[in-house]
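Only this structure's heavy atoms are used, side chains among them; waters, hydrogens and symmetry mates stay out.
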Amino acid sequence: MKQLKSLFLFTIFIGLIISYFSCKSTSAREKPINNTTNDDVITLNESLSEILKESALLNVVIRRLGTEQPISISILNGSETRWVKIEKPAKEIPELISQIANVTNMSIQNSNNYFFLYPAEQTIYENMTALSMEGLPNKYDTIIVSAAFGTGTQLFNVFNSLNFTYGCNIVADNSIAELPSGEIVISNLPLSVALEMILKSARIVPQNLKYCATDNFIFYYSILNNRKNDLENCKAFENETKNPLLEKEVLISLPKPVTLNNRISLPFYYGAEPLSKVVSVIANQTGLSIEIMPGTEMLPVNPCYLNKLKLKTALDLITFQWLDKTYIYTIKDETIVFMKSGQ
């Protein structure tokens, strides 16, 4: 297990993540909703224009563009330190993005009202352009996202921000959740498309990514997860239980609780905490006692924020993050017991 790192907090300003919900009679993918189209002409802020002329890091340029224009761009993690210098910045967005790509030796995918930039020098990166979230339930086409995430933001922090802001439940196993994103700016796109942008930026090859999704949650996992056969079509979440305790609705915030009246800020974390350090938080939020059997104390629990789920689903989402399927939980009387199969 990698060394656990300490917690830090910082504030995410409302200006970076603005949410609103809308219902549409047709799929959001069939009707462009991004404010920017290929025919848009923009007026660059003078300071940004000067930056482009003098040279700046790619991630800085993308961040500034996203701040000043209704545009959605995702760049592959690791590309952020390429330098951008353009003597005569274009006024049309597609042309400007092409200029940026040319001077940084990047290729462009223009898809679903966003631009994805990835290194042109290695064809392996083209595989990531095939990644698609079109199979998600229609609900995720009707949640409209505006957000920005800096390069290197681990995916569990990205997903938690979306969960916290939009009331959804997106979780990934440990092989996916700890991957760092690239620089991302999202302007008025469906959550399904936003997730597509985010996952591409984290260098995820479509062949290695799996997911099961319902209207209540999305769970991403990789081919390294030993539960992958059980997780196919969400079978692992459908096991019937007769314990009424598992039907209670819970809100889970790990590794520390977040007050509901503080909606303008969200804790961001460096990494996972051992199970032994978060059991008291789980106990307080579920109203049940927790017991951890020998050998489970140091299991890594990534930060997660879950909105109003059945206790069973919440515990499944926590437990299924572990790649080894022999680690499980059970309910004995009114106690949640984390254990290894056969204990």
Side-chain angles (χ1 to χ4, degrees), residues 1-2 4-5 7-10 12 16-17 59 62-63 72-80 114 116 118 125 127-128 131-133 136 140 143 145 147-166 168-186 189-213 217-225 227-228 231 252-255 258 266-273 300-307 317-323:
M1 184 192 309
K2 73 176 189 179
L4 297 170
K5 301 176 183 178
L7 159 72
F8 75 97
L9 302 176
F10 68 83
I12 299 177
L16 288 179
I17 303 179
N59 66 311
I62 297 304
R63 192 178 310 154
S72 297
I73 310 174
S74 170
I75 66 172
L76 191 76
N77 178 269
S79 307
E80 61 276 357
Y114 71 86
F116 173 53
Y118 57 96
Y125 294 127
N127 293 335
M128 297 169 192
L131 192 151
S132 172
M133 290 293 107
L136 290 177
Y140 302 104
I143 300 174
V145 174
F149 299 100
T151 186
T153 305
Q154 290 172 294
L155 292 188
F156 58 74
N157 281 323
V158 174
F159 294 154
N160 288 345
S161 294
L162 296 173
N163 293 348
F164 185 79
T165 307
Y166 297 96
C168 45
N169 294 294
I170 308 166
V171 180
D173 74 13
N174 291 344
S175 67
I176 300 292
E178 297 180 3
L179 294 175
S181 75
E183 193 76 26
I184 307 165
V185 291
I186 306 167
L189 288 181
L191 177 58
S192 52
V193 177
L195 289 169
E196 194 173 287
M197 295 177 63
I198 291 161
L199 294 166
K200 285 179 180 179
S201 81
R203 294 173 165 259
I204 297 176
V205 178
Q207 297 89 326
N208 294 338
L209 178 69
K210 309 289 183 183
Y211 65 85
C212 66
F217 66 87
I218 302 172
F219 183 72
Y220 290 108
Y221 60 99
S222 79
I223 58 175
L224 299 176
N225 195 312
R227 291 184 172 86
K228 56 183 177 291
L231 288 167
I252 301 293
S253 175
L254 298 174
V258 176
L266 176 73
F268 265 40
Y269 300 89
Y270 276 120
E273 293 282 356
V301 179
N302 275 321
C304 65
Y305 188 88
L306 303 176
N307 294 280
L317 289 171
I318 293 171
T319 306
F320 294 170
Q321 294 178 48
W322 302 322
L323 305 184

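The backbone N or O of M197 sits less than 3.5 Å from a side-chain atom of S74, completing a donor-acceptor pair. E183 contributes a side-chain N or O that, together with a main-chain N or O of T151, makes up a donor-acceptor pair within less than 3.5 Å. Checking side-chain atoms of Q321 against main-chain N and O of T319 turns up no donor-acceptor pair under 3.5 Å. Listed for the N225 side chain is no donor-acceptor partner under 3.5 Å among the backbone atoms of D173. Although no hydrogens or angles enter the test, the distance criterion places a donor-acceptor pair under 3.5 Å between the side chain of N77 and the main chain of S181.
Residues F217 and F219 keep their aromatic ring centres 6.0 Å or farther apart.
Between W322 and N174 there is a side-chain heavy-atom pair separated by less than 4.5 Å. Counting heavy atoms from C-beta on, the side chains of L76 and Y125 come closer than 4.5 Å. Side-chain contact between I218 and C168 is absent, with no heavy-atom pair separated by less than 4.5 Å. For the pair L191 and L136, the minimum side-chain heavy-atom distance is 4.5 Å or more. At a threshold of 4.5 Å between non-hydrogen side-chain atoms, the residues L155 and I204 count as touching. Using a 4.5 Å heavy-atom cutoff, the side chains of L162 and I143 are not in contact.
Remark: S161 OG to F156 CZ distance equals 11.0 Å, nearest 0.5 Å. Atom CZ of F149 sits about 6.0 Å away from atom CD1 of I186, to the nearest 0.5 Å. Note that the CG atom of L209 and the CE atom of M128 stand 11.5 Å from one another [nearest 0.5 Å]. Separating the CG atom in N208 from the CG atom in L224 is a distance of 7.5 Å, to the nearest 0.5 Å. Interatomic distance, CG of L254 versus OH of Y305, reported as 11.5 Å (0.5 Å rounding). In this structure, CD1 on I318 lies 5.5 Å from CD1 on I252, to the nearest 0.5 angstrom.
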Run C304 and N160 through side chain to side chain contact (heavy atoms under 4.5 Å, CB included) and show every step you take. CA-CA 6 Å; C304 65; N160 288 345; 4.2 Å; yes
Apply side chain to side chain contact (heavy atoms under 4.5 Å, CB included) to residues V193 and Y140 and explain how you reach the verdict. CA-CA 9 Å; V193 177; Y140 302 104; over 6 Å; no
Would L199 and L179 count as a side chain to side chain contact (heavy atoms under 4.5 Å, CB included) if you check the C-alpha gap in whole Å, the side-chain angles of each, and the deciding distance to 0.1 Å? CA-CA 9 Å; L199 294 166; L179 294 175; over 6 Å; no
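Residues Y211 and M133 come closest through the heavy atom pair CE2-CE, 3.7 Å. Counting all heavy atoms, side chain and backbone alike, Y221 lies closest to C212 at CE2-N, 4.1 Å. Nearest heavy-atom pair across S175 and S222 is OG-OG, 2.7 Å.
A donor-acceptor pair shorter than 3.5 Å cannot be found between the side chains of N307 and N163.
For residues 199-209, every residue pair satisfying the salt bridge (charged side-chain N to carboxylate O under 4.0 Å, His left out) rule, not counting sequence neighbours, is listed here: E196-K200.
The number of heavy atoms from other shown groups lying within 6.0 Å of NZ (K210) does not exceed 12.
Taking the six-membered ring where tryptophan is involved, the planes of Y220 and F159 are essentially parallel, since the angle between them stays under 30° and well short of 60°.
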